[in-house]
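Whatever order the structure lists them in is the order used to number ligands and atoms, beginning at 1. Quick note: numbers below take in every heavy atom, side chains included, and nothing from hydrogens, waters or symmetry partners.
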Amino acid sequence: MGEFELIRQYFQPLADKARQGQLILGPGDDCAIQRVPSGRDLVFSVDTLVEGVHFPPNYPPEYLGWRSLAVAVSDLAAMGADPVCFTLALSLPGAEPEWLAGYSRGLARASDAFGIALAGGDTTRGPLTITLQVHGTVSQGLALRRSGARAGDVVCVTGPLGDAGAALEFLGHTAPTEDQQAVLASYHYPEPQLQLGRALVGKASAAIDISDGLLADLKHILAASNVGAELDANSIPLSDALVALKGDEALSLALSAGDDYQLCLTIPDDKLAELNSHNRNQLTVIGRIQSEPGLRVANAETLGFRQGFDHFGRSD
Ligand code: ADP
Ligand code: MG
């Protein structure tokens with residue numbers, strides 16, 4: 001199968017479903033064309049996934065299709081943006097129909113779920129590597145950044161943490177238990193928090209998506225905003241499945257394991273109250289921003305975090 005036949009068969013159908021008036025020209029020309037409405041800013045981001053580095057060798061292609069687009073779109077959610085379109089650069093060892101059918105099926109499901117259309121791409125032969133560039137828009141000047149956190153803001157997360165990290169040890173299991181299936185779903189099918197991201201625009205002072213672990217990613221907000229924070233380990237949301245599977249280790253996974261793609265955000269009290277009055281509250285308050293630099297975690301003594309432990313001082 002040649003390059004163009006491959007694109008026509010597996011990827012053109014995703015582009016044909018483009019329902020976004022903002023994508024004026026999709027695949028097939030030298031460039032795609034996106035029109036950015038007046039009063040909106042274009043936000044964009046690129047992510048590369050390498051087999052054996054970002055996903056396991058022989059990872060099921062349908063999961064990979066969903067996951068590769070979901071983790072890229074999660075960056076748009078963290079900025080409060082509406083997804084518009086994406087490009088797909090595929091490096092493939094060969095044109096394996098079964099792999100291509102699975103991958104494009106997962107990708108199509110994600111593309112439908114997130115409302116983002118395939119605009120074009122590049123197809124080459126080489127080690128399995130997937131690069132996606134995602135484009136979205138947000139009201140001019142209102143994109144959520146990492147740099148706006150202020151002392152006194154509360155720190156929130158959008159959902160339970162640690163499940164995807166726990167899933168890694170069960171990836172190869174042929175007959176996972178119900179709890180194992182629950183955490184595996186978080187790894188295979190991450191859900192970018194687009195709706196909450198949009199709701200946070202004009203309200204949250206800073207946001208980031210949790211790809212590397214809560215502590216590591218919150219530290220990016222603290223550094224960019226030049227502030228510190230204290231978290232209460234007792235308030236970190238944990239799923240029932242995670243607690244059942246990992247017991248005392250659940251909290252440590254929730255603090256330090258990645259791949260969950262929930263958002264971590266900071267918000268002043270009054271804006272949080274406003275948000276809660278409009279939305280069914282899905283935010284969990286886990287701590288507060290302080291002017292003193294550093295990240296302190298209360299009630300995590302069992303993990304070896306002293307009360308008032310300055311996480312910046314640790315070499316991790
Ligand atoms: P060029 O040589 O001008 O860069 P290509 O031959 O690489 O063009 O690609 C031809 C067309 O096919 C382009 O419009 C490109 O966006 C599209 N395309 C290539 N690979 C993919 C892919 N994996 N998914 C979607 N569109 C693709
Ligand atoms: Mg090209």
Just wondering, more than 12 heavy atoms not from Asp240 lying within 6.0 Å of its CG? no

Between Trp66 (side chain) and Pro190 (backbone), is there a donor-acceptor pair under 3.5 Å? yes

For the backbone of Arg145 and the side chain of Ser147, can you confirm whether one donor and one acceptor N or O come within less than 3.5 Å of each other? no

With heavy atoms only and a cut-off of under 4.0 Å, state how Leu118 meets ligand 1: side chain, backbone, both or neither. side chain

Could you tell me whether Gly28 and ligand 1 have an N or O pair separated by under 3.5 Å? yes

Look at ligand 1 and say whether Tyr10 reaches it with a heavy atom at a distance under 4.0 Å. no

Do the side chain of Asp212 and the main chain of Asp217 share a donor and acceptor less than 3.5 angstrom apart? no

Among Asp29, Asp30, Ile7, Leu14, which one puts a heavy atom closest to atom 3 (O) of ligand 1? Asp30

With heavy atoms only and a cut-off of under 4.0 Å, state how Glu3 meets ligand 1: side chain, backbone, both or neither. side chain

Using modelled atom types only, decide if a donor and an acceptor are shared between the side chain of Asp260 and the backbone of Gly162 within a distance under 3.5 Å. yes

Should Gly121 be counted as touching ligand 1, given the test is an N or O pair under 3.5 Å? yes

For ligand 1, does Asp122 get within less than 4.0 Å through its side chain, its backbone, both, or neither, judged by non-hydrogen atoms? both

Relative to the heavy atoms of Phe4, which atoms of ligand 1 are at a distance of less than 4.0 Å? 6 (O), 10 (C)

By number and element, which atoms of ligand 1 are closer than 4.0 Å to a non-hydrogen atom of Pro27? 14 (O), 26 (N)

Sidechain-backbone polar pair: Gln262 side chain, Gly159 backbone, donor-acceptor under 3.5 Å: yes

Anything under 30° is parallel, anything over 60° is perpendicular, the rest tilted; go ahead and classify Tyr59 against Tyr63. tilted

